[in-house]
**Q** 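Submitted below is the structure of interest, expressed as structure tokens.
Below, each value reflects all heavy atoms present in this structure, side chains not excepted, and no hydrogens, waters or symmetry copies. Start at 1 and go down the list; that is how both ligands and their atoms are numbered.
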Amino acid sequence: MKGDTVLVTGGTGYIGSHTTVELIEAGFKVIIADNLSNSKEGVLDDIEKITGVRPAFYREDCTDRKNFGKIFKENGIDAVIHFAASKAVGESVREPLKYYGNNLLSLMNLIGLMMENGVGNIVFSSSCTVYGQPKVLPATEESPRLEATSPYGNTKRICEDILRDSITAYGNFRGIALRYFNPIGAHPSALIGELPNGVPNNLVPYITQTAIGKLECLSIFGDDYDTPDGSCIRDYIDVVDLSKAHVAALNRMLDGKSEKPYEVYNIGTGRGVSTLEIVKAFEKVNGLKLNYKITGRRKGDIEAIWGDPSKANRELGWKASRPLSETLRSAWAWEKHLASLEK
Ligand code: UDP
């Protein structure tokens, strides 16, 4: 609640920076810990431009328990939101030990430090990847978690288990895992957004980089799926809406409203949108033509997934509200902002 101090690991990253803005605007004091492995310190300036407040910043790696632990000693922390993790699916297949090492150890250190320092609340950044290809759609929190298709996906599942088991065993803290669907878009100010490292893997940054001419042509991975237009279906959630879900989850814990010590919520729109629909909507709302071609399927892709967010709507009092058109406009505004910085 207002005035509480939140440690945001990975707070200069894509979702971390947007969540930091929402936290500050909701009256929280934010401390960011980030090793800057996939983000830039300049994001702090942009957060300050948007909110008028510069969050405290520690350049630390959560796997380095000793140095990371200093943040707890030097501050009175009420809650943690844990984003810091490696997240590239393809890289995780090539370098599984990096992913297991980084993602699991970071969370284990964090839980240990929270217990040592009496910090009782954590929001964990999980993913709909834990559902694999659900047999029944939309996916609910009760849908079975299936065998992960990548080491990255497996770390999300194992991290959920580490958190659940620790809360059950040690009993002196609470946690909420938020299972994100596909976060897209940028802050309406266009000052913060997604900064992909190298050629993007994800659809929307690939689209915006193609539109601006950084990339030549978007490949649509398959139009022969068993879906209405043959392309894959996802539940695209606006990053600002997603960020607000973190504030709602924190408030649930800090206000003592959690019904169970460990809770899980789907964070999505409840609507499935195909790859081709995204491309067409992007062209329409931004008044441009995108260079794209249909190519073969991408290995490991899920055909269709969207989530049922009604538990989050009901219990967190949160609902996705930004229309897809606005989200796609914000993604384009952000790409143009980046291009203007490069000039
Ligand atoms: N996609 C695509 N071309 C790209 C990147 C993604 O057609 O260059 C498709 C991909 O096959 C999937 C959807 O866009 O159906 C979302 O992909 P993304 O990698 O963003 O998310 P994820 O597959 O992890 O849900």
**Q** Check ligand 1 for close polar pairs with the protein: N or O on both sides, less than 3.5 Å.
**A**
{"residue": "ligand 1", "atom": "3 (N)", "partner": "Ser219", "partner atom": "O", "Å": "2.7"}
{"residue": "ligand 1", "atom": "7 (O)", "partner": "Ser219", "partner atom": "O", "Å": "3.4"}
{"residue": "ligand 1", "atom": "7 (O)", "partner": "Phe221", "partner atom": "N", "Å": "2.9"}
{"residue": "ligand 1", "atom": "11 (O)", "partner": "Asp301", "partner atom": "OD2", "Å": "2.5"}
{"residue": "ligand 1", "atom": "17 (O)", "partner": "Arg298", "partner atom": "NH2", "Å": "3.4"}
{"residue": "ligand 1", "atom": "19 (O)", "partner": "Asn202", "partner atom": "ND2", "Å": "3.2"}
{"residue": "ligand 1", "atom": "19 (O)", "partner": "Arg298", "partner atom": "NH1", "Å": "3.4"}
{"residue": "ligand 1", "atom": "19 (O)", "partner": "Arg298", "partner atom": "NH2", "Å": "2.8"}
{"residue": "ligand 1", "atom": "20 (O)", "partner": "Asn202", "partner atom": "ND2", "Å": "3.2"}
{"residue": "ligand 1", "atom": "20 (O)", "partner": "Leu203", "partner atom": "N", "Å": "2.9"}
{"residue": "ligand 1", "atom": "21 (O)", "partner": "Asn182", "partner atom": "ND2", "Å": "3.1"}
{"residue": "ligand 1", "atom": "23 (O)", "partner": "Arg234", "partner atom": "NH2", "Å": "3.3"}
{"residue": "ligand 1", "atom": "23 (O)", "partner": "Arg298", "partner atom": "NH2", "Å": "3.0"}
{"residue": "ligand 1", "atom": "25 (O)", "partner": "Asn182", "partner atom": "ND2", "Å": "2.9"}
{"residue": "ligand 1", "atom": "25 (O)", "partner": "Arg234", "partner atom": "NE", "Å": "2.6"}

**Q** Please go through Tyr99's hydrophobic cluster and name the other residues, only I, L, V, M, F, W, Y counting, with side-chain heavy atoms under 4.5 Å joining them.
**A**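 Members alongside Tyr99: Val89, Tyr152.
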
**Q** Apart from Ile294 itself, what residues make up its hydrophobic cluster, given side-chain heavy atom links below 4.5 Å?
**A**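 Taking Ile, Leu, Val, Met, Phe, Trp and Tyr as members, Ile294 shares its hydrophobic cluster with Ile184, Val199, Leu203, Val204, Tyr206, Ile207, Ile212, Leu215, Leu218, Ile220, Tyr236, Val273, Leu276, Ile278, Val279, Phe282, Val285, Leu288, Leu290, Tyr292, Leu324, Leu328, Trp332.
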
**Q** Regarding Tyr58 and Asn67, is there a side-chain donor-to-acceptor distance under 3.5 Å anywhere?
**A** no

**Q** Begin from the C-alpha positions of Phe83 and Thr12 and carry the test side chain to side chain contact (heavy atoms under 4.5 Å, CB included) through to its verdict.
**A** CA-CA 10 Å; Phe83 294 106; Thr12 46; over 6 Å; no

**Q** Compare every heavy atom of Phe181 with every heavy atom of Cys128, then report the nearest pair and how far apart it is.
**A** CB-CE2, 3.4 Å

**Q** Apart from Leu146 itself, what residues make up its hydrophobic cluster when side-chain heavy atoms of I, L, V, M, F, W and Y under 4.5 Å apart count as a link, directly or indirectly?
**A**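 Traced through the cluster, Leu146 reaches no other member.
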
